[in-house]
Undergrad: 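I'd like to ask some things about the structure below.
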Amino acid sequence: MKLSTKGRYAVMAMVDLASHAQGSPVALADIAERQEISLSYLEQLFGKLRKGGLVKSVRGPGGGYLLSRNPQQTRISDIILAVDEPIQTTRCTPGSPAGCHNNKGRCLTHDLWEELGNQIYLYLSSVSLADVCERRILGSSGMFLAGGGQSGAVAAQ
């Protein structure tokens, strides 16, 4: 599964907002510059994030955006779903009994990909915005990189 730029940029912008707000609204132009994301694209994303109840806008001089809730209460999955990014790894329509084949059957690997999508959603639901801001997300998968750039497996001693 590859997460589209819509989901990735929304998460990047929300992490930036959480990191820079300090109780004051943050201008989208500042987020756009720091994250190297188009301002017009951010405006579209923040419209969806506002409708999703994740941010609130402040108008006027010194205006911008604030988080609507505490970063510990905002899950990464909330952000991705708010910008209409489906977390799915199958070609089939979610919830439909019909599969992706022409005869409406499911492919042999359907259950594998559907469970992968479920696991991705569970993981993204377990990570808060605060976890990302405070760099608490590096779990056991980080041990493969901590030992001098090894990847895939820990070298035998």
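Values in this document were obtained by computation on a predicted structure and should not be read as measured data. Residue indices begin at 1 and follow the sequence shown.
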Undergrad: Got a sec, which residues hit ring pair (Phe, Tyr, Trp, His ring centres under 6.0 Å) with Tyr123, two or more places apart in sequence or on another chain?
TA: none
Undergrad: Any idea which heavy atoms bring Gly7 and Ile80 closest together, and the distance?
TA: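 Heavy-atom minimum between the residues: O-CG1, 4.3 Å.
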Undergrad: Kindly indicate, with the supporting measurements, whether the criterion side chain to side chain contact (heavy atoms under 4.5 Å, CB included) is fulfilled by Ser126 and Leu122.
TA: CA-CA 6 Å; Ser126 75; Leu122 287 172; over 6 Å; no
Undergrad: Could you go through the side chain to side chain contact (heavy atoms under 4.5 Å, CB included) check for Ile37 and Met12 one step at a time?
TA: CA-CA 9 Å; Ile37 302 171; Met12 289 168 57; 4.2 Å; yes
Undergrad: Measuring only between side-chain heavy atoms, which start at C-beta, is Leu49 closer than 4.5 Å to Tyr65?
TA: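 Result no, sub-4.5 Å side-chain heavy-atom pair not found.
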Undergrad: Would you say the side-chain atoms of Arg69 and Thr74 include a donor-acceptor pair closer than 3.5 Å?
TA: yes
Undergrad: Please table the atom pairs, donor to acceptor, closer than 3.5 Å between any side-chain atom in residues 24-35 and protein atoms at least two apart or in another chain.
TA:
unit_1, atom_1, unit_2, atom_2, d
Arg34, NE, Asp16, OD1, 3.2
Arg34, NE, Asp16, OD2, 2.9
Arg34, NH2, Asp16, OD1, 2.7
Gln35, NE2, Asp16, OD2, 2.9

Undergrad: Give the C-alpha distance, both sets of side-chain angles, the deciding distance and a yes or no for side chain to side chain contact (heavy atoms under 4.5 Å, CB included) between Leu116 and Leu112.
TA: CA-CA 6 Å; Leu116 174 61; Leu112 171 70; 5.9 Å; no
Undergrad: Would you compute the distance between atom CD of Glu134 and atom CG of Leu129 and round it to the nearest 0.5 angstrom?
TA: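 Answer rounded to 0.5 Å: 9.5 Å.
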Undergrad: What distance do Ile79 atom CD1 and Leu124 atom CG have between them, rounded to the nearest 0.5 Å?
TA: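 It comes to 9.5 Å.
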Undergrad: Taking all non-hydrogen atoms of both residues, which atom of Leu67 and which atom of Pro71 are closest, and how far apart?
TA: CD1-CG, 3.7 Å
Undergrad: Show the nearest heavy-atom pair for residues Cys133 and Val15, with the distance to one decimal.
TA: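 For Cys133 versus Val15, the nearest heavy atoms are SG-O, 3.8 Å.
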Undergrad: Return each pair, listed once, that meets side chain to side chain donor-acceptor pair (under 3.5 Å) where at least one residue sits in residues 47-56; pairs must be two or more places apart or across chains.
TA: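 Every side chain to side chain donor-acceptor pair (under 3.5 Å) pair that includes a residue of residues 47-56, provided the two are not neighbours, is Lys48-Asp84.
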Undergrad: Find out whether Val55 and Met14 are in side-chain contact, i.e. whether some heavy atom of one side chain is under 4.5 Å from a heavy atom of the other.
TA: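 Val55 vs Met14: side chains touch.
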Undergrad: Yes or no on side chain to side chain contact (heavy atoms under 4.5 Å, CB included) for Val83 and Tyr9, after CA distance, side-chain angles and deciding distance?
TA: CA-CA 10 Å; Val83 295; Tyr9 285 3; over 6 Å; no
Undergrad: Which pair of heavy atoms, one from Ala10 and one from Leu45, lies closest together, and at what distance?
TA: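 Closest approach of Ala10 to Leu45, heavy atoms only: N-CD1, 3.9 Å.
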Undergrad: Indicate yes or no: at least one non-hydrogen side-chain atom of Leu39 is less than 4.5 angstrom from one of Glu43.
TA: yes
Undergrad: State, to 0.1 Å, how close Ser128 and Arg136 come at their nearest heavy-atom pair, and which atoms those are.
TA: OG-NH2, 4.3 Å
Undergrad: Could you check if a side-chain atom of Arg8 sits within less than 4.5 angstrom of a side-chain atom of Val11, using non-hydrogen atoms only?
TA: no
Undergrad: Check the hydrophobic clustering (I, L, V, M, F, W, Y; side-chain heavy atoms under 4.5 Å; chains of links allowed) and say if Leu17 and Leu66 are grouped together.
TA: no
